[in-house]
Amino acid sequence: MALIVQKYGGTSVGSIDRIRNVANKIEKYRAEGHQLVVVVSAMSGVTNNLVAMAHDLQKEPSPREMDVLLSTGEQTTIALLCMALENIGIPARSYTGSQVRILTDSAYTKARIVSIDDANIRTDLNNGRVVVVAGFQGVDEDGNITTLGRGGSDTTGVALAAALKADECQIYTDVDGVYTTDPRVVPEARRLDRITFEEMLELASLGAKVLQIRSVEFAGKYNVPLRVLSSFEDGPGTLIVSEVANSKMENPIISGIAFTRDETKLSIRAVPDVPGMAYRVFGPISEANIEVDVIVQNVGINRTNDITFTVQRKDTDKAARILEKVAKELGAEKVEVDNKVAKVSLVGVGMRSHAGIASKMFGALAAESINIQLITTSEIKISVVIEEKYLELAVRALHSAFGLKDPA
Ligand code: ADP
Ligand code: ASP
Ligand code: MG
């Protein structure tokens, strides 16, 4: 008998029929004698609708009210799933984040889990019940409802698995595992049997939304056995493992390709080349809580520099306003803003021990006449910023150049 935490995403609970399907899957595991804690997302589209309604009312709704609103999506699903379970004779009980007591900090809309009280859950499990928990939400010390950021139900699942020391955390979604890249963009993408926590963390933070970044962080930190599977078909899925556990296998040089359209590129041209300039530019940007991603500085003519960087697209206007002001103060020539960019990244732990990956990447893009605007690298990834309209072509070209459709 094992204790399994299962998480079902929005598409998997997207209709009453699909909720019934989830109940039947749960029944199968119960019949094998396992104890189950089930985390669910809001039905697909619900969270987006709630966000849209809020923005119809207010340009910048209060984050506290936003969380009260968004948490209702998951609250609907837990009740419906418990009803579907009761229908087939399975005793079940639903809990909101606050009822479990998933305690978080008070950073509304992007709260972090601080602790989880497992007392209610354990009692129910011991009484033979399936426990159904609302994903994506928690409660702060003062009793305010919080949410964990978009895609946060993954994190609820993994955090519960860690707190309960579950034997496995299974993330059920609308694809049957983690692929070499988004299978919706590259049909030849291949499902991976295994991927390391480190690579999964990079892929998630570089745009692959199949797992929320924080869920992977949690799984790595607490060594939670984590698997991504399909809700709609049977199969082994993808196991996320530590590098040590994977060391028996030859690590592929490149495991996957991630991409994002979520960025805007800003440049400040002809800034005087004197000490402290970067600080004068980025100080106000960081004070405004804007996250900066790639930064490149070019030495220009006449002792001036160009500084170029990217921010999340949602921060475009705020960043542009700040930069215009800074440009005036510094006597820079001009500010340029381009939100038609995208970032493509190659990820693989095998990169550490192989040279020539970057040049092969640049060659593959050049062969498609795709211009690289910015480049950034770390030990296990290389990212390039390109014109957005070439994104899909670039991902397909790289997938093929690195032979990702065939097992290493
Ligand atoms: P859920 O609602 O179940 O949480 P998500 O939509 O958040 O599902 O995540 C699953 C989606 O992630 C897939 O439908 C797929 O389009 C996308 N995706 C992006 N990159 C990958 C990848 N490397 N492997 C698998 N899926 C990916
Ligand atoms: N319902 C939330 C979202 O759409 C959380 C989740 O699905 O994981 O982002
Ligand atoms: Mg998700």
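Predicted model only: the values in this text are computed from it and were never measured. Indexing begins at 1, ligand by ligand and atom by atom, following the structure's order.
- Of the residues listed (Gln6, Gln170, Glu168), the one engaging Arg227 in a side-chain hydrogen bond (donor to acceptor under 3.5 Å, both in side chains) is Glu168, and it is the only one.
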Does the pair Phe282 and Phe309 meet the rule for a ring-ring contact (aromatic ring centres under 6.0 Å, His included), with working shown?
CA-CA 10 Å; Phe282 291 108; Phe309 59 98; 4.9 Å; yes
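- With values rounded to the nearest 0.5 angstrom, Lys318 atom NZ is found 5.0 Å from Asp315 atom CG.
- Applying the ring-ring contact (aromatic ring centres under 6.0 Å, His included) rule to pairs touching residues 28-64 yields nothing, sequence neighbours excluded.
- A distance of 12.5 Å separates CZ in Arg64 from CG in Leu69, rounded to the nearest 0.5 Å.
- The only member of Thr155, Thr173, Asp154 that meets side-chain hydrogen bond (donor to acceptor under 3.5 Å, both in side chains) when paired with Lys7 is Asp154.
- Pocket lining of ligand 2, defined as residues with a non-hydrogen atom under 4.0 Å away: Ser41, Ala42, Thr47, Glu74, Phe136, Arg150, Gly151, Gly152, Ser153.
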Dump all N/O pairs between ligand 1 and the protein below 3.5 Å as a table: atom names plus distance, one pair per row.
residue, atom, partner, partner atom, Å
ligand 1, 2 (O), Gly10, N, 3.2
ligand 1, 3 (O), Thr173, OG1, 2.6
ligand 1, 4 (O), Lys7, NZ, 3.0
ligand 1, 6 (O), Lys209, NZ, 3.3
ligand 1, 8 (O), Thr173, OG1, 3.1
ligand 1, 14 (O), Asp174, OD1, 2.8
ligand 1, 14 (O), Arg184, NE, 3.0
ligand 1, 14 (O), Arg184, NH2, 2.5
ligand 1, 16 (O), Asp182, OD1, 2.9
ligand 1, 16 (O), Asp182, OD2, 3.3
ligand 1, 16 (O), Arg184, NE, 2.8
ligand 1, 23 (N), Tyr179, O, 3.0
ligand 1, 24 (N), Tyr179, N, 2.9

Side chains of residues 9-16: which donor-acceptor pairs under 3.5 Å do they make with residues two or more places apart or in other chains?
residue, atom, partner, partner atom, Å
Thr11, OG1, Asp174, OD2, 3.3
Ser12, OG, Ser231, OG, 2.6
Ser15, OG, Arg18, N, 3.1

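- Side-chain atoms of Gln35 do not come within 3.5 Å of backbone N or O of Arg122 as any donor-acceptor pair.
- With rounding to the nearest 0.5 Å, the separation of OG1 in Thr181 from CD1 in Ile254 is 12.0 Å.
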